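Count residues from 1 along the sequence. This is a predicted model, so every value here is computed, not measured.
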Amino acid sequence: MTKEEALKAFAYMGAVWFGNSKQHFAFSAYDRLQGWNKLADKWKEEAEEEWDEAEEVLNRLVELGCKPAELQEMMKTIEFPFYDDPKQQIESDFQPTAIEEMSKLAQAFADDYPTQKLIQKWIDGEKDHMAWEAQYLNYIKKLGYENFLTAMM
């Protein structure tokens with residue numbers, strides 16, 4: 001991966017997080033209205049973390065010399081679908097390949113320790129994210145969907 005490709009992939013990651021953050025804030029608001037407060041709290045926590053990570057990407061790109069006009073195209077928010085159904089919310093967000101993709105991106109920044117360190121921090125966070133989603137999907141399977149929703153109240 002060339003340095004330019006790596007920068008674009010890095011910016012894309014930030015754009016994904018901005019979009020994913022909006023999606024998770026919407027999930028949180030909807031789930032809270034339905035009374036699934038534990039799930040709503042989890043989505044809100046994820047949304048806030050993703051927003052912070054997107055800001056870190058943006059700040060690092062500026063530190064690397066990107067100007068606002070360049071960032072406009074690089075950081076276009078990626079739009080994600082919104083689901084009313086909590087199971088669909090979790091299933092659509094469960095992306096185990098994200099860790100592998102971020103690991104490859106970290107390798108592309110082998111000569112840029114600050115950027116590589118940020119990406120590694122996000123990989124660790126993504127592992128936690130995948131773990132709770134896998135756990136919730138397992139709860140749905142073992143408890144049954146209605147019991148899972150009751151447990152989320």
Side-chain angles (χ1 to χ4, degrees), residues 1-32 36 38-142 148 152:
M1 180 180 305
T2 68
K3 191 66 168 181
E4 185 177 316
E5 291 169 334
L7 280 173
K8 284 183 181 179
F10 186 66
Y12 180 79
M13 209 160 82
V16 165
W17 278 326
F18 276 132
N20 214 225
S21 180
K22 290 189 318 185
Q23 180 194 47
H24 291 168
F25 274 121
F27 290 171
S28 176
Y30 180 77
D31 290 353
R32 190 166 315 286
W36 304 313
K38 291 177 186 174
L39 186 57
D41 290 345
K42 194 65 180 163
W43 284 128
K44 185 175 183 206
E45 177 186 322
E46 289 297 320
E48 290 169 350
E49 286 176 15
E50 288 161 345
W51 190 265
D52 291 345
E53 291 164 345
E55 284 185 309
E56 288 175 326
V57 171
L58 186 61
N59 289 333
R60 185 67 189 137
L61 287 168
V62 170
E63 289 169 0
L64 291 171
C66 294
K67 295 183 176 22
E70 296 168 329
L71 292 170
Q72 180 180 10
E73 186 60 34
M74 292 172 82
M75 293 291 290
K76 278 193 176 172
T77 300
I78 309 301
E79 296 300 327
F80 287 87
F82 289 17
Y83 298 102
D84 302 340
D85 178 65
K87 184 178 178 189
Q88 280 184 300
Q89 293 169 0
I90 299 166
E91 288 174 337
S92 71
D93 198 64
F94 187 64
Q95 300 293 324
T97 59
I99 294 167
E100 181 182 329
E101 292 167 17
M102 285 192 279
S103 295
K104 288 178 185 174
L105 187 59
Q107 292 171 355
F109 284 98
D111 64 340
D112 178 353
Y113 179 74
T115 305
Q116 190 179 52
K117 186 177 175 184
L118 269 177
I119 296 168
Q120 188 57 53
K121 179 182 87 165
W122 300 328
I123 290 169
D124 294 341
E126 194 65 22
K127 288 176 183 176
D128 291 341
H129 182 80
M130 291 296 109
W132 80 258
E133 287 178 331
Q135 179 184 36
Y136 280 27
L137 290 171
N138 191 41
Y139 288 163
I140 291 169
K141 185 177 176 181
K142 285 189 174 190
F148 169 77
M152 291 295 106

For [X] and [Y], which heavy atoms make the closest approach, and how far apart are they?
X: A98; Y: E126; answer: CB-OE2, 4.0 Å
X: G14; Y: A54; answer: O-CB, 3.5 Å
X: A40; Y: S28; answer: O-OG, 2.9 Å
X: M102; Y: I119; answer: O-CG2, 3.3 Å
X: S21; Y: A47; answer: OG-O, 2.8 Å
X: M130; Y: D93; answer: CE-O, 4.0 Å

Straight-line distance of [X] [atom1] to [Y] [atom2], nearest 0.5 Å:
X: D41; Y: R32; atom1: CG; atom2: CZ; value: 4.5 Å
X: T115; Y: E63; atom1: OG1; atom2: CD; value: 8.0 Å
X: W36; Y: Q89; atom1: CH2; atom2: CD; value: 7.5 Å
X: F148; Y: K38; atom1: CZ; atom2: NZ; value: 10.5 Å
X: Q120; Y: Y113; atom1: CD; atom2: OH; value: 10.0 Å
X: W132; Y: D128; atom1: CH2; atom2: CG; value: 12.0 Å

Counting only heavy atoms not in K3 (residues, nucleotides, ligands), do more than 12 fall under 6.0 Å from its NZ? yes

Evaluate the ring planes of W51 and F18, with Trp represented by its six-membered ring, and classify them as parallel (under 30°), tilted (30 to 60°) or perpendicular (over 60°). perpendicular

Consider only side-chain N and O atoms of W17 and E56, and report whether a donor and an acceptor are under 3.5 Å apart. no

Side chains of N20 and Q23: donor-acceptor distance under 3.5 Å anywhere? yes

Within the 4.5 Å heavy-atom criterion, are [X] and [Y] side-chain neighbours or not?
X: L105; Y: M1; answer: yes
X: F25; Y: E48; answer: yes
X: R60; Y: D112; answer: yes
X: E46; Y: F27; answer: no
X: K142; Y: Y139; answer: no

Quick one: does any side-chain atom of Q95 pair with a main-chain N or O of S92 as donor and acceptor, under 3.5 Å? yes

Between Y83 and W43, is the ring centroid distance below 6.0 Å?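 Judged by ring-centre distance (under 6.0 Å), Y83 and W43 do not meet the cut-off.
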
F109 ring center near F10 ring center (under 6.0 Å): yes

The test is salt bridge (charged side-chain N to carboxylate O under 4.0 Å, His left out); show your working for K42 and D31 and say whether it passes. CA-CA 10 Å; K42 194 65 180 163; D31 290 353; over 6 Å; no

